[in-house]
Amino acid sequence: MSENVRVRFAPSPTGLLHIGGLRTALYNYLFARHHDGEFILRIEDTDQNRYVEGAEEDIIKSLKWAGLGYDEGPDINVEGKYGPYRQSERSEYYQKYAEQLIEEGYAYYAFDTAEEVNDMRERLQKSGNPSPKYDAITRMAMKNSLTLSKDEVDRRLEAGEKYVVRLKVPRRETIRFEDEVRGFVSFESHGLDDQVLLKSDGLPTYHLANVVDDHLMGITHVIRGEEWLSSAPKHILLYEYLGWESPKMAHLPLIMSPEGGKLSKRNADKLGIPVNVRDYIQQRYEPEALVNFLAFLGWSPGDNREVLSLDELISEFSLDRVSKSGAVFNINKLNWFNEQYLRSRLEVDLLPEVKEIIKEYGFDGYSDEFIMQVIKLMKERAQLVNEFVSQGQYFFEAPQAYDTKTRKKAWKDNTGDLVQAYILRLQKMNEDDWEPAKIKDELKNVLAEKEVGFGKLALPTRLAVTGMGFGPDLFQTLELLGKDDVINRLKKAVSELG
RNA sequence: GCCGCGUUCGUCUAGGGGUCCAGGACGCCGCCCUUUCACGGCGGUAGCACGGGUUCAAAUCCCGUACGCGGUACCA
């Protein structure tokens with residue numbers, strides 16, 4: 001094990017935590033735990049315009065739900081050594097290092113307004129430059145501390161004029177670094193522009209804040225999404241100019257939509273894929289299942305195992321087994337994982353949850369014993385706990401309607417008579433005899449008497465009692481529902497279906 | 001457009017020169033179990049993007065092409 005691993009998950013609170021964000025957090029977490037290192041949560045709230053109230057709480061709640069505990073974060077400040085953990089509370093650092101960069105000639109003040117920069121870009125575009133930049137060439141025609149006299153710069157600064165601090169990207173330099181998942185990657189500096197480091201509102205951009213904080217917080221490995229790969233060279237440059245050793249970098253493949261492209265709120269909704277972790281919480285996915293599924297979106301242990309606990313994931317995880325290409329999100333597979341985890345849960349442990357769901361459905365007054373029976377009957381057939389109630393609603397109320405397909409198939413002209421005969425026999429049954437085998441015997445008696453096959457009465461009975469054409473064992477279902485209820489439902493069906 | 005990254009069954013992936021006429025999982029199909037549906041069991045379907053090299057031998061190495069994705073902001 002390499003010593004002293006420190007990694008961080010650094011989301012910006014611009015909305016609910018996205019499923020892709022959770023995957024990034026997970027990989028960081030697995031890596032940290034595998035190496036006995038620390039996992040840190042840092043909130044990157046440097047864009048005041050995009051800040052969303054409650055987003056931080058959602059991030060924290062989501063991580064907790066998924067079981068990804070962090071060692072340091074906005075709500076866990078360890079000895080104040082590395083904190084605070086919100087970038088909005090760390091302005092002094094960014095200010096300080098921006099100034100250091102300027103003094104040492106690696107950055108400069110720029111006074112151009114947004115419009116002026118835009119004009120420059122448009123002008124260049126019109127004259128045939130497809131990707132105009134604020135760079136080594138163009139900066140000499142702009143208003144900045146490289147072109148203005150020192151007196152003029154001081155005057156503007158003193159007058160409180162708005163400015164940004166830009167990184168002075170070298171004209172010709174190859175920036176090469178080794179990515180833990182992709183190997184060596186290299187960029188030419190002339191393809192980069194003079195990145196704004198400090199915005200005119202005094203807050204840093206991601207690039208500066210990220211580098212400063214990762215260094216100050218002792219981060220050893222930066223594990224983040226591939227969308228950051230292109231800006232990595234800017235970060236490498238910053239580490240160099242600040243005289244710091246760069247942490248190791250690992251850029252994770254993106255999670256893709258089945259329709260192509262990065263999985264986004266828009267294209268996912270359309271396909272019925274929840275994108276926010278909150279949605280999975282609400283739909284009562286098993287957190288272990290989601291985690292297991294996410295772990296395998298871009299990584300695998302190398303053997304044929306797929307259902308792995310968090311502990312197993314921790315001991316198996318390594319960055320060199322992370323794949324390089326994007327992974328399409330397959331909700332079907334997630335549901336399969338959920339099914340695996342749901343089955344492995346103890347029936348008693350499911351009770352409180354199922355009781356909650358029942359309550360949400362507005363049903364009331366069911367004993368724990370009754371609910372436990374429902375759980376036993378439904379457990380092997382559901383993928384999601386919610387289905388215990390949504391697919392088994394008939395345990396809690398008489399069917400409101402009868403499935404038309406089953407009705408067409410099962411309810412024939414003579415069915416009413418058969419059901420009527422069954423009702424008569426059931427009515428004569430002793431309460432003490434109300435058990436699956438005997439209920440079934442009575443049905444068989446009707447069959448023998450009328451000389452028809454099992455399906456002729458069993459399916460109509462199921463339809464009458466549950467409103468559906470499938471479900472758990474019919475006679476166990478009837479037993480659980482109780483004699484009175486069953487007879488009432490059968491009668492109702494006869495009168496409604498003929 | 002430019003820059004960067006990628007490409008093994010429909011999807012997630014194993015495999016990184018011979019043991020691969022490519023293995024597992026999800027899905028799909030069939031059979032068995034079940035007088036329902038599911039579960040379970042068994043079997044099947046389907047893939048190395050393309051073209052050139054290198055090599056006795058290439059899914060695996062190299063080059064090119066195509067395609068996909070990401071980036072190209074005083075957003076992260």
Side-chain angles (χ1 to χ4, degrees), chain A residues 10-14 44-47 49-50 110 112-114 117-118 121 125 128-134 162-166 179 181-183 185-188 190-193 195-207 209-210 224-233 251 253-254 256 258 260-262 293 296-307 321 323-337 339 343 378-383 391 406 409-410 440 443-444 447 453-459 461-463 466 468-474 477:
Chain A
S12 62
T14 54
E44 309 223 325
D45 53 349
T46 56
D47 186 353
N49 301 320
R50 295 213 303 157
D112 321 277
T113 63
V117 174
N118 270 340
R121 291 209 164 98
Q125 208 147 26
N129 184 339
S131 50
K133 290 177 194 62
Y134 199 120
K162 293 261 185 205
Y163 68 88
V164 299
V165 174
R166 285 182 181 270
D179 186 278
V181 349
R182 277 148 225 283
V185 182
S186 76
F187 293 82
E188 296 303 323
H190 64 74
L192 271 34
D193 69 7
Q195 185 59 239
V196 169
L197 264 19
L198 224 45
K199 298 180 277 191
S200 57
D201 61 3
L203 293 177
T205 56
Y206 171 87
H207 309 283
N210 201 260
R224 69 223 310 186
E226 195 189 343
E227 71 267 29
W228 293 110
L229 187 57
S230 312
S231 34
H251 290 92
L254 262 18
M256 315 292 284
K262 186 155 80 155
F293 169 71
F296 276 74
L297 233 41
W299 173 87
S300 87
D303 51 36
N304 286 337
R305 290 174 302 158
E306 281 201 280
V307 180
R321 295 203 59 82
S323 53
K324 299 175 177 65
S325 47
V328 175
F329 189 101
N330 183 346
I331 188 100
N332 233 327
K333 186 108 185 210
L334 199 216
N335 289 152
W336 175 79
F337 271 112
E339 190 182 318
R343 292 242 182 84
M378 295 302 289
K379 196 179 165 210
E380 297 299 304
R381 41 205 321 118
Q383 286 196 307
Q391 304 280 307
T406 311
K409 183 179 155 198
K440 189 175 185 178
L443 183 127
K444 281 182 175 164
L447 263 27
F454 189 86
K456 290 275 189 284
L457 182 51
L459 195 53
T461 301
R462 178 183 291 284
L463 181 69
T466 71
M468 299 161 68
F470 57 89
D473 181 77
L474 178 60
T477 302

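Residue numbers start from 1 in every chain, and the chains themselves are labelled A, B, ... in the order their sequence lines are given, proteins ahead of strands.
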(message) Work out how far the P atom of rU7(B) is from that of rG17(B), and round it to whole angstrom.
(response) 16 Å
(request) Starting from P on rC74(B), measure out to OH on Y206(A) and report it in whole angstrom. (result) 17 Å
(request) Indicate, with a heavy-atom threshold strictly under 4.0 Å, whether R182(A) touches base, sugar-phosphate, or nothing. (result) sugar-phosphate
(message) Just so I know, are the side chains of S300(A) and R321(A) near enough to count as touching, which here means a heavy-atom distance under 4.5 Å?
(response) yes
(request) Provide the Watson-Crick or G-U wobble partner of rC33(B), both distances under 3.5 Å; none if there is no partner. (result) none
(message) Check whether D179(A) reaches the backbone of H251(A) with its side chain - one donor and one acceptor, N or O, closer than 3.5 Å.
(response) yes
(message) Once you apply a heavy-atom cut-off of 4.0 Å, does P472(A) come out as touching a base, just sugar-phosphate, or nothing?
(response) base
(request) Assign the ring pair W228(A) / H207(A) to parallel, tilted or perpendicular, where the plane angle (0 to 90°) is split at 30° and 60°. (result) perpendicular
(request) Pick base, sugar-phosphate or nothing for G225(A), based on heavy-atom distances below 4.0 Å to the nucleic acid. (result) nothing
(request) Test side chain to side chain contact (heavy atoms under 4.5 Å, CB included) on E380(A) and R343(A) and set out the steps. (result) CA-CA 6 Å; E380(A) 297 299 304; R343(A) 292 242 182 84; 3.3 Å; yes
(message) Applying a 4.0 Å non-hydrogen cut-off, can you work out what D473(A) is touching in the nucleic acid: base, sugar-phosphate, or nothing?
(response) base
(request) Take atom CE of M468(A) and atom P of rA38(B), then tell me their distance rounded to the nearest Å. (result) 12 Å
(message) In whole Å, measure the gap between the C1' atoms of rU8(B) and rG47(B) for me.
(response) 6 Å
(request) Looking at every strand, decide which applies to R343(A) at a 4.0 Å heavy-atom threshold: base, sugar-phosphate, or nothing. (result) sugar-phosphate
(request) Using Watson-Crick or G-U wobble geometry with both distances below 3.5 Å, tell me the partner of rA49(B), or none. (result) rU65(B)
(message) At 4.0 Å (heavy atoms only), tell me whether T406(A) reaches a base, stays on the sugar-phosphate, or touches nothing.
(response) nothing
(request) Determine, step by step, whether L229(A) and R182(A) satisfy the side chain to side chain contact (heavy atoms under 4.5 Å, CB included) criterion, reporting the C-alpha distance in whole Å, the side-chain angles of both residues, the deciding distance to 0.1 Å, and the verdict. (result) CA-CA 10 Å; L229(A) 187 57; R182(A) 277 148 225 283; 3.9 Å; yes
(request) Using the C1' atom as the reference point in each nucleotide, state the distance between rA14(B) and rA59(B) in Å, no decimals. (result) 12 Å
(request) Please determine, for rC56(B), whether a Watson-Crick or G-U wobble partner exists with both distances under 3.5 Å, and give it or none. (result) rG18(B)
(message) Can you tell whether the side chains of R166(A) and D112(A) come within less than 4.0 Å, N to carboxylate O?
(response) no
(request) Using a 4.0 Å cut-off on protein heavy atoms (strictly under), produce a 5'-to-3' string for nucleotides 65-70 of chain B with B for base contact, S for backbone-only sugar-phosphate contact, and - for none. (result) ----SB
(message) Would you say R321(A) places a side-chain N or O within less than 4.0 Å of OP1 or OP2 belonging to rG15(B)?
(response) yes
Pick out the pairs of N or O atoms, protein on one side and nucleotides 26-29 of chain B on the other, that lie under 3.5 Å.
unit_1: rC26(B); atom_1: OP1; unit_2: W336(A); atom_2: NE1; d: 3.3

(request) Assign each of V164(A) and A327(A) to its nearest nucleotide of RNA chain B by heavy atoms, then name whichever residue's nucleotide is nearer the 5' end. (result) A327(A)
(request) Tell whether S131(A) reaches the base of rG1(B) with its side chain through a donor-acceptor pair below 3.5 angstrom. (result) yes
(request) Report yes if at least one side-chain N or O of R305(A) is closer than 4.0 Å to OP1 or OP2 of rG24(B); otherwise report no. (result) no
(message) Taking any heavy-atom pair under 4.0 Å as a contact, classify G191(A): base, sugar-phosphate, or nothing.
(response) nothing
(request) Just name whichever nucleotide pairs with rC26(B), Watson-Crick or G-U, keeping both distances under 3.5 Å, else none. (result) rG10(B)
(message) Using modelled atom types and a 3.5 Å cut-off, is there a donor and acceptor pairing between side-chain atoms of S200(A) and backbone atoms of K162(A)?
(response) no
(request) Would you kindly give the CG-to-C1' distance between D112(A) and rC74(B), to the nearest whole Å? (result) 11 Å
(message) Within the 4.0 Å heavy-atom criterion, would you say V117(A) contacts the bases, only the backbone, or no part of the nucleic acid?
(response) nothing
(request) Looking at every strand, decide which applies to S200(A) at a 4.0 Å heavy-atom threshold: base, sugar-phosphate, or nothing. (result) base
(message) Just to be sure I understand the rule, does F187(A) reach a base, reach only the sugar-phosphate, or reach nothing, if contact means heavy atoms closer than 4.0 Å?
(response) sugar-phosphate
Distances for protein N or O near nucleotides 16-22 of chain B N or O, under 3.5 Å:
none

